[in-house]
Amino acid sequence: MSGAEEAGGGGPAAGPAGAVPAGVGVGAGPGAAAGPAAAALGEAAGPGIPDEAALAGARQLQEAAGDPDAPPKKRLRAAEAAEAAAAAVAAGSGKLEERLYSVLCCTVCLDLPKASVYQCTNGHLMCAGCFIHLLADARLKEEQATCPNCRCEISKSLCCRNLAVEKAVSELPSECGFCLRQFPRSLLERHQKEECQDRVTQCKYKRIGCPWHGPFHELTVHEAACAHPTKTGNELMEILDEMDQSHRKEMQLYNSIFSLLSFEKIGYTDVH
């Protein structure tokens, strides 16, 4: 064995062919000494590392997907959302909005709240609609309402609103259903009702039977050419009679539904 080999001088015979000894940089230069450390720091500081909020949201969705007491539709939506959140966390490419969606969504309907947000004593979030539904359902069953996640008792006195979550949700971007542009959720409703030029609107002569509806930017052209203002009185009376008949049928249906819902309890008897 040569002297260089005995001294471990790092010659070609010091290891397997093509191997690089640990801690030795290839093509050492001014920044080579910081190679492994810089790579580790770059990975830690990179945008691909999932934060605790994203991991917590993914775990929350996975728990909802595996809850045997949850309805099938909720389990399916939870499974799909959990897969999407897990994929985003694993890939590290999910946008901040997507990660916040899984954290701030309602634990019952798995959707972002549109109004008030309530939380149980353990901090699980519920939108106002789901919260009221849970209380009403428990009252009909004469049971104590419980949180669908941790099963702790919930009521109007035990639960409180989470204003921080409400403000965070209002700042998340959402897409207009008409023009497909992105707006903060706090401004989306006003845009869709008053500002969007593609929002669906109806002719001002709807009251006398005009069935037209279309984008707002076409409304002026339609109203200028609408034929309903020029109809005779007899023609308008026929149209109004048809509208009245349709309205009466709708009111009969609504009244029958309201009369059924007015019963406090509905009993069923077996007929033999």
Side-chain angles (χ1 to χ4, degrees), residues 71 73-74 76-77 80 97 101 104-106 108-118 126-137 139-140 156 161 165-266:
K73 184 176 180 181
K74 179 185 176 182
L76 177 61
R77 293 182 61 185
E80 294 175 352
E97 295 86 357
Y101 180 94
L104 302 177
C105 66
C106 171
V108 181
C109 64
L110 303 179
D111 197 4
L112 283 180
K114 296 180 176 60
S116 303
V117 180
Y118 292 87
M126 294 167 283
C127 65
C130 292
F131 178 65
I132 295 174
H133 176 76
L134 290 173
L135 297 182
D137 187 55
R139 184 174 181 180
L140 288 174
K156 290 185 178 180
R161 289 177 60 182
V165 172
E166 292 179 11
K167 293 180 180 179
V169 171
S170 68
E171 293 300 322
L172 289 178
S174 184
E175 187 178 81
C176 173
F178 304 117
C179 64
L180 305 182
R181 294 169 58 190
Q182 296 280 344
F183 293 91
R185 289 179 174 267
S186 57
L187 304 177
L188 181 62
E189 184 176 0
R190 177 183 176 184
H191 166 78
Q192 289 181 332
K193 289 184 177 181
E194 303 176 5
E195 301 173 355
C196 183
Q197 295 296 310
D198 294 327
R199 69 184 186 273
V200 177
T201 187
Q202 294 178 324
C203 177
K204 67 179 179 180
Y205 299 113
K206 174 191 173 184
R207 296 174 65 105
I208 57 175
C210 180
W212 183 89
H213 60 277
F216 179 78
H217 61 81
E218 297 179 3
L219 177 62
T220 305
V221 176
H222 164 75
E223 289 181 349
C226 184
H228 279 71
T230 61
K231 289 184 180 294
T232 64
N234 291 332
E235 291 175 337
L236 292 177
M237 287 301 298
E238 292 177 0
I239 295 174
L240 293 176
D241 287 340
E242 293 178 359
M243 295 173 63
D244 289 340
Q245 291 178 6
S246 176
H247 179 69
R248 281 194 294 268
K249 291 180 180 179
E250 292 179 356
M251 290 304 300
Q252 290 176 358
L253 177 61
Y254 293 153
N255 290 333
S256 62
I257 294 175
F258 292 151
S259 63
L260 289 175
L261 294 176
S262 64
F263 292 110
E264 295 183 358
K265 293 182 179 179
I266 300 177

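Taking 4.5 Å as the limit, every side-chain heavy atom of Y118 sits out of range of all side-chain heavy atoms of V165. Using a 4.5 Å heavy-atom threshold, the side chains of F258 and L253 count as separate. Contact of the F178 side chain with the P215 side chain is not registered, since no non-hydrogen atoms from C-beta on lie closer than 4.5 Å. When side chains are defined from C-beta on, F131 does not count as touching R161, because their heavy atoms never get closer than 4.5 Å. Contact check for R248 versus D244: side-chain heavy atoms found under the 4.5 Å cut-off. Side-chain contact between L112 and L104: present, with at least one pair of heavy atoms (C-beta onward) separated by less than 4.5 Å. Annotation: side chain of K114 is not in contact with side chain of C127 (no heavy-atom distance under 4.5 Å).
Atom CD of E189 has 12 or fewer neighbouring heavy atoms from other residues, nucleotides or ligands inside a 6.0 Å radius. Residue H217 qualifies as enclosed at atom NE2: its count of foreign heavy atoms under 6.0 Å is above 12. Within 6.0 Å of atom NZ in K231, more than 12 heavy atoms from other residues, nucleotides or ligands are found, so the atom counts as buried in its surroundings. Within a 6.0 Å sphere centred on CE of M237, other residues, nucleotides and ligands contribute 12 heavy atoms or fewer.
Distance CD/E175 to CZ/R185: 11.0 Å, rounded to 0.5 Å.
No side-chain donor-acceptor contact under 3.5 Å links S246 to the backbone of M243. In this structure, the side chain of R199 engages the main chain of E194 through a donor-acceptor pair within 3.5 Å.
Here the shortest heavy-atom pairing between V200 and H213 reads CG1-CD2, 4.2 Å.
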Quick one: side chains of residues 220-228, donor-acceptor pairs under 3.5 Å with protein atoms, not counting sequence neighbours, listed by atom name and distance.
{"from": "E223", "atom 1": "OE2", "to": "K204", "atom 2": "N", "distance (Å)": "3.3"}
{"from": "H228", "atom 1": "NE2", "to": "G209", "atom 2": "O", "distance (Å)": "3.3"}
{"from": "H228", "atom 1": "NE2", "to": "C210", "atom 2": "N", "distance (Å)": "3.4"}

